[in-house]
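Some notes on the structure that comes next.
The residues of the chain are indexed from 1 along the displayed sequence. For the numbers below, each heavy atom of this structure counts, side chains included, while hydrogens, waters and symmetry mates do not.
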Amino acid sequence: MSRVTRGFQGRREQSADLPPGQYLTHDFPVLSAGPTPRVDLDTWQFTITNEIGTDYSWTWHDLQRLPSERPTVDIHCVTKWSKLRTSWEGVSLDTLFESVDSGADYAFVRSYGGYTTNLPLEDLLDGKAWLVHKYEGEDLTSEHGGPIRLLVPHLYLWKSAKWVRGIQLRDDDLPGFWESLGYHEYGDPWREQRYVGD
Ligand SMILES: Nc1nc2c(c(=O)[nH]1)N[C@H]1C(S)=C(S)[C@@H](COP(=O)(O)O)O[C@H]1N2
Ligand SMILES: [Mo]
């Protein structure tokens, strides 16, 4: 299934597609808080842990057997660049969560390399988030989070954890890396929720 966000209908005023304070870029900047970790697909695992500690894990082989989607979405970085109509390929989080038993409200996302970010669980569901391994038809490069990253395009891009390795489901919210350093806990670009208090 292909998903298309606003901006699909031909050419239009760029400003109408851009959240407040954002500018359009055509290249793809790399923003990483640390070195790029080496992630080997042969040993890659993605694990969802529910609030009572049950683990649900997928290998790369498992992931490849699941239905794949090709979302075309706009992405917005808190450092003010946006890219419109980026295309990706991967597995919807809805597909993974079909087998997960949880009543938790919050998700704490962990990456290989130690990066973390948090968001309400509902922001990962209902067609809003994917584990992606291709960008514009090519394997996702390691600096952009390859082999596999999270994509949550309706929130600022710091929520889209590169080199993602798992999600811990929690009854209480726990701030991730940037959220602990003053970024907004939710990060809606359309409400310009960049920093705490925005
Ligand atoms: N693991 C990890 N994921 C991460 C980051 C990071 O430093 N480490 N940076 C975040 C931030 S702040 C942004 S803007 C985007 C940048 O993605 P890009 O480098 O592919 O543009 O990744 C997000 N995901
Ligand atoms: Mo960012």
Side-chain angles (χ1 to χ4, degrees), residues 3-7 18-19 22 25 27-34 36-37 39 44 46-48 63 68-97 106-136 138-169 173-181 183-195:
R3 290 171 194 280
V4 175
T5 59
R6 65 183 80 205
L18 289 176
Q22 296 294 110
T25 185
D27 45 42
F28 194 177
V30 172
L31 283 107
S32 300
T36 296
V39 182
W44 182 87
F46 181 76
T47 302
I48 299 175
L63 210 66
S68 144
E69 297 187 2
R70 291 184 180 181
T72 295
V73 295
D74 302 340
I75 55 176
H76 311 290
C77 176
V78 73
T79 62
K80 301 198 168 179
W81 56 265
S82 290
K83 286 177 76 62
L84 302 183
R85 304 205 63 229
T86 59
S87 68
W88 306 79
E89 186 175 332
V91 174
S92 169
L93 269 284
D94 293 317
T95 304
L96 302 181
F97 272 93
Y106 298 101
F108 186 76
V109 182
R110 296 176 195 277
S111 292
Y112 291 98
Y115 184 83
T116 57
T117 188
N118 61 300
L119 66 173
L121 175 55
E122 64 180 5
D123 287 87
L124 292 175
L125 304 177
D126 297 323
K128 295 199 283 289
W130 296 265
L131 291 191
V132 291
H133 59 91
K134 281 189 188 270
Y135 170 73
E136 305 294 349
E138 308 278 351
D139 286 347
L140 187 60
T141 59
S142 52
E143 69 265 29
H144 285 299
I148 298 171
R149 80 180 293 169
L150 181 65
L151 178 67
V152 194
H154 72 289
L155 299 176
Y156 281 123
L157 204 58
W158 87 77
K159 304 283 183 179
S160 293
K162 304 195 281 189
W163 317 295
V164 69
R165 73 179 299 169
I167 297 172
Q168 184 194 348
L169 302 174
D173 204 3
L174 178 67
F177 178 78
W178 284 118
E179 293 83 2
S180 306
L181 292 170
Y183 280 29
H184 196 276
E185 59 172 12
Y186 186 61
D188 178 352
W190 295 94
R191 287 186 279 168
E192 215 172 347
Q193 294 173 334
R194 297 177 194 276
Y195 306 108

Just so I know, are the side chains of Trp81 and Leu31 near enough to count as touching, which here means a heavy-atom distance under 4.5 Å?
yes

Counting only N and O atoms by type, is there a donor-acceptor contact under 3.5 Å from the side chain of Gln22 to the main-chain atoms of Cys77?
yes

Are the side chain of Asn118 and the backbone of Ala107 linked by a donor-acceptor contact shorter than 3.5 Å?
no

Side chains of Tyr135 and Thr141: closer than 4.5 Å at any heavy-atom pair?
no

Give me the atom names and distance for the closest heavy-atom approach of Val109 to Ala161.
CG1-CB, 3.8 Å

Closest heavy-atom contact between Asp27 and Thr25?
OD1-OG1, 2.9 Å

How long is the gap from CD1 on Ile75 to CG on Leu155, to the nearest 0.5 Å?
13.0 Å

Quick one: does Leu124's side chain get under 4.5 Å of Val152's, heavy atoms only?
yes

Given Ser32, which partner from the list Lys162, Glu143, His144 fulfils the side-chain hydrogen bond (donor to acceptor under 3.5 Å, both in side chains) test?
Lys162

Taking only Lys NZ, Arg NE, NH1 and NH2, and the carboxylate oxygens of Asp or Glu, determine whether Asp139 and Lys134 approach each other closer than 4.0 Å.
yes

At their closest point, which heavy atom of Phe177 faces which heavy atom of Ala33, and how far apart are they?
CE2-CB, 3.6 Å

Quick check: closest heavy atoms across Pro19 and Pro189, and the distance to 0.1 Å?
CB-O, 3.4 Å

Decide yes or no for Tyr186 and Arg191: does some side-chain heavy atom of the first lie under 4.5 Å from some side-chain heavy atom of the second?
yes

Just so I know, are the side chains of Leu174 and Thr116 near enough to count as touching, which here means a heavy-atom distance under 4.5 Å?
no

Could you give me the CA-CA distance, side-chain angles and deciding distance for Leu18 and Leu84, then say whether side chain to side chain contact (heavy atoms under 4.5 Å, CB included) is met?
CA-CA 8 Å; Leu18 289 176; Leu84 302 183; 4.2 Å; yes

Search all heavy atoms of Val164 against all heavy atoms of Trp44 and return the closest pair with its distance.
O-NE1, 3.4 Å

In this structure, CG of Leu131 is separated from OG of Ser68 (nearest 0.5 Å) by 11.5 Å

Do Tyr183 and Tyr156 have ring centres separated by under 6.0 Å?
no

Rounded to the nearest 0.5 Å, how far does OG1 of Thr117 lie from NZ of Lys159?
4.0 Å

Atom CD in Gln168, atom OG1 in Thr47: separation rounded to 0.5 Å?
11.5 Å

Quick one, Leu96 and Phe46 - any side-chain contact, counting heavy atoms below 4.5 Å?
yes

If you measure from OH on Tyr115 to CH2 on Trp158, what distance do you get to the nearest 0.5 Å?
8.0 Å

Measure the CZ-CG distance between Phe97 and Asp126 for me, rounded to the nearest 0.5 Å.
11.5 Å

Side-chain contact test, heavy atoms from C-beta onward, threshold under 4.5 Å: evaluate it for Arg194 versus His184 and give yes or no.
no

When you compare the side chain of Leu150 with that of Leu93, does any pair of heavy atoms fall below 4.5 Å?
yes

In terms of heavy-atom contacts, does CD of Glu122 have more than 12 from other residues, nucleotides or ligands at under 6.0 Å?
no

Keeping Arg149 on the side-chain end and Ser160 on the backbone end, is there a donor-acceptor pair under 3.5 Å?
yes

Would you confirm whether Gln193, through its side chain, and Asp188, through its main-chain N or O, come within 3.5 Å as a donor-acceptor pair?
yes

Classify the angle between the aromatic ring planes of Trp190 and His76 as parallel (below 30°), tilted (30 to 60°) or perpendicular (above 60°).
perpendicular

Distance-only side-chain donor-acceptor flag, Thr86 / Glu136, under 3.5 Å:
no

